[in-house]
Amino acid sequence: MGKVLVMEHPLIQHKVGIIRRKEVGSKDFREIISEIAMYMCYEATRDLKLQDVEIETPICKTTVKELAGKKLAVVPILRAGLGMVEGMLTMIPAAKVGHIGLYRDPDTLEPVEYYCKLPADCGEREVFVVDPMLATGGSCVAAIQMLKDKGVKNIRFMCIIAAPEGVKKLQEAHPDVDVYIGALDEKLNDHGYIVPGLGDAGDRIFGTK
Ligand code: PRP
Ligand code: URA
């Protein structure tokens, strides 16, 4: 079973507390989402493999560590996942970026696919799927299935706020995927929104409501 890690770091908790506030406008909301993604990326990459490499300093030869193993990719779920890409790339600038377009049908809450463009070698990469919100779990379960259908084997999922219902659904559908969560909330309401949550992440990032 993949691990589920709720990030306890005080800087993450503090910033999540800010973006929950309804008076926070799009500019600040976007900036803080990006900062949270950066801190979460730092925590979620703690277990990346290192290898020894011989180098020469201006003084002498020595052995240093460098990242080894699989190359990385970041795959935001459109639209709201876009808000986390810059923060991820600040930490792992060599990562390639794929995009998966999904939206939740407002009536059925089922994910509807409209776009998929991935790095050609994504099957050989460690892929971080990012989306600020994990609500019913429909969107991330579908996005991860799309990646698996294209041959991706190593997948991690990162979200800023999750509902317990979505975490359960994700773990049942994709038990091999590690899940990183900024804050685990109480429940979903009758419209599939996370309670207390922060409202519609896509609308708040892009100012569409
Ligand atoms: C939001 C959010 C997730 C999804 C979560 O996207 O960014 O992708 O809902 O809900 P779920 O876990 O119940 O599937 P939305 O469908 O509103 O699209 P948007 O990002 O374009 O606003
Ligand atoms: N999508 C969002 O953006 N917010 C929620 O609370 C649920 C789904």
Side-chain angles (χ1 to χ4, degrees), residues 2 4 6 15-34 36-37 40-41 74-88 97-118 127-148 155-175 177-209:
V4 175
V6 182
K15 286 174 190 294
V16 171
I18 296 174
I19 55 172
R20 287 186 191 278
R21 298 168 192 222
K22 64 180 181 189
E23 67 273 19
V24 170
S26 286
K27 176 178 176 289
D28 291 340
F29 190 89
R30 257 196 316 270
E31 282 174 10
I32 297 169
I33 286 267
S34 190
I36 294 169
M40 290 187 73
C41 183
V74 179
V75 176
I77 302 177
L78 305 180
R79 287 176 303 168
L82 287 174
M84 296 175 72
V85 173
E86 193 187 315
M88 295 292 292
V97 182
H99 295 87
I100 290 181
L102 288 174
Y103 69 88
R104 257 189 358 167
D105 182 291
D107 299 321
T108 65
L109 301 183
E110 290 297 318
V112 182
E113 177 188 333
Y114 62 89
Y115 190 73
C116 182
K117 180 79 178 173
L118 302 173
V127 174
F128 288 80
V129 179
V130 296
D131 190 328
M133 309 304 277
L134 169 57
T136 65
S139 302
C140 72
V141 166
I144 291 168
Q145 192 57 53
M146 286 164 73
L147 289 171
K148 288 184 173 176
I155 303 173
R156 303 179 189 211
F157 179 74
M158 200 181 290
C159 64
I160 294 179
I161 298 189
E165 296 90 329
V167 177
K168 182 165 178 285
K169 182 166 175 165
L170 174 55
Q171 280 201 294
E172 283 168 2
H174 299 295
V177 171
D178 289 343
V179 184
Y180 302 91
I181 299 170
L184 184 59
D185 276 12
E186 194 187 322
K187 60 178 182 184
L188 294 176
N189 69 15
D190 293 343
H191 305 287
Y193 276 85
I194 300 174
V195 179
L198 49 68
D200 188 306
D203 282 342
R204 294 196 63 187
I205 290 171
F206 296 107
T208 42
K209 213 172 240 175

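What you see is a predicted model; the values in this text were computed from it and never measured. Indexing begins at 1, ligand by ligand and atom by atom, following the structure's order.
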Checklist entry - Salt bridge between R21 and D28, side-chain N to carboxylate O under 4.0 Å? => result no
Checklist outcome for this item: side chain to side chain donor-acceptor pair (under 3.5 Å) filter on N189, not counting sequence neighbours, yields none
What are the polar N/O contacts of ligand 1 with the protein below 3.5 Å, with distances?
| residue | atom | partner | partner atom | Å |
| --- | --- | --- | --- | --- |
| ligand 1 | 7 (O) | D131 | OD1 | 2.8 |
| ligand 1 | 8 (O) | D131 | OD2 | 2.4 |
| ligand 1 | 12 (O) | A135 | N | 2.9 |
| ligand 1 | 12 (O) | T136 | N | 3.1 |
| ligand 1 | 12 (O) | G137 | N | 2.8 |
| ligand 1 | 13 (O) | R104 | NH1 | 2.7 |
| ligand 1 | 13 (O) | T136 | N | 2.9 |
| ligand 1 | 13 (O) | T136 | OG1 | 2.5 |
| ligand 1 | 14 (O) | S139 | N | 2.9 |
| ligand 1 | 14 (O) | S139 | OG | 2.6 |
| ligand 1 | 16 (O) | R104 | N | 2.7 |
| ligand 1 | 20 (O) | R79 | N | 3.0 |
| ligand 1 | 20 (O) | A80 | N | 3.0 |
| ligand 1 | 21 (O) | R79 | N | 3.3 |
| ligand 1 | 21 (O) | R79 | NE | 3.0 |
| ligand 1 | 22 (O) | R79 | NE | 3.4 |
| ligand 1 | 22 (O) | R79 | NH2 | 2.9 |

Checklist entry - Tell me the side-chain hydrogen bond (donor to acceptor under 3.5 Å, both in side chains) pairs involving residues 130-143, sequence neighbours left out? => result none
List, for ligand 2, each N/O atom that has a protein N/O partner under 3.5 Å away, with both atom names and the distance.
| residue | atom | partner | partner atom | Å |
| --- | --- | --- | --- | --- |
| ligand 2 | 3 (O) | A201 | N | 2.8 |
| ligand 2 | 4 (N) | G199 | O | 2.8 |
| ligand 2 | 6 (O) | I194 | N | 2.8 |

Next on the checklist: With heavy-atom distances below 4.5 Å as the criterion, would you say the side chains of C140 and V129 are in contact?
Outcome noted: no
Item to check | Criterion side chain to side chain contact (heavy atoms under 4.5 Å, CB included) against C159, the qualifying member of V130, L134, I77 | outcome: L134
Checklist outcome for this item: Paired with H99, the side chain to side chain contact (heavy atoms under 4.5 Å, CB included) test is passed by just one of V85, L118, L82, namely L82
Next on the checklist: Take a 6.0 Å sphere around NZ of K187 and say whether it holds more than 12 heavy atoms from other residues, nucleotides or ligands.
Outcome noted: no
Next on the checklist: I'd like to know if R79 pairs up with D203 as an ion pair, taking the criterion as any Lys NZ or Arg NE/NH1/NH2 lying under 4.0 Å from an Asp or Glu carboxylate oxygen.
Outcome noted: yes
Item to check | Residues K169, E165: salt bridge by 4.0 Å N-O rule | outcome: no
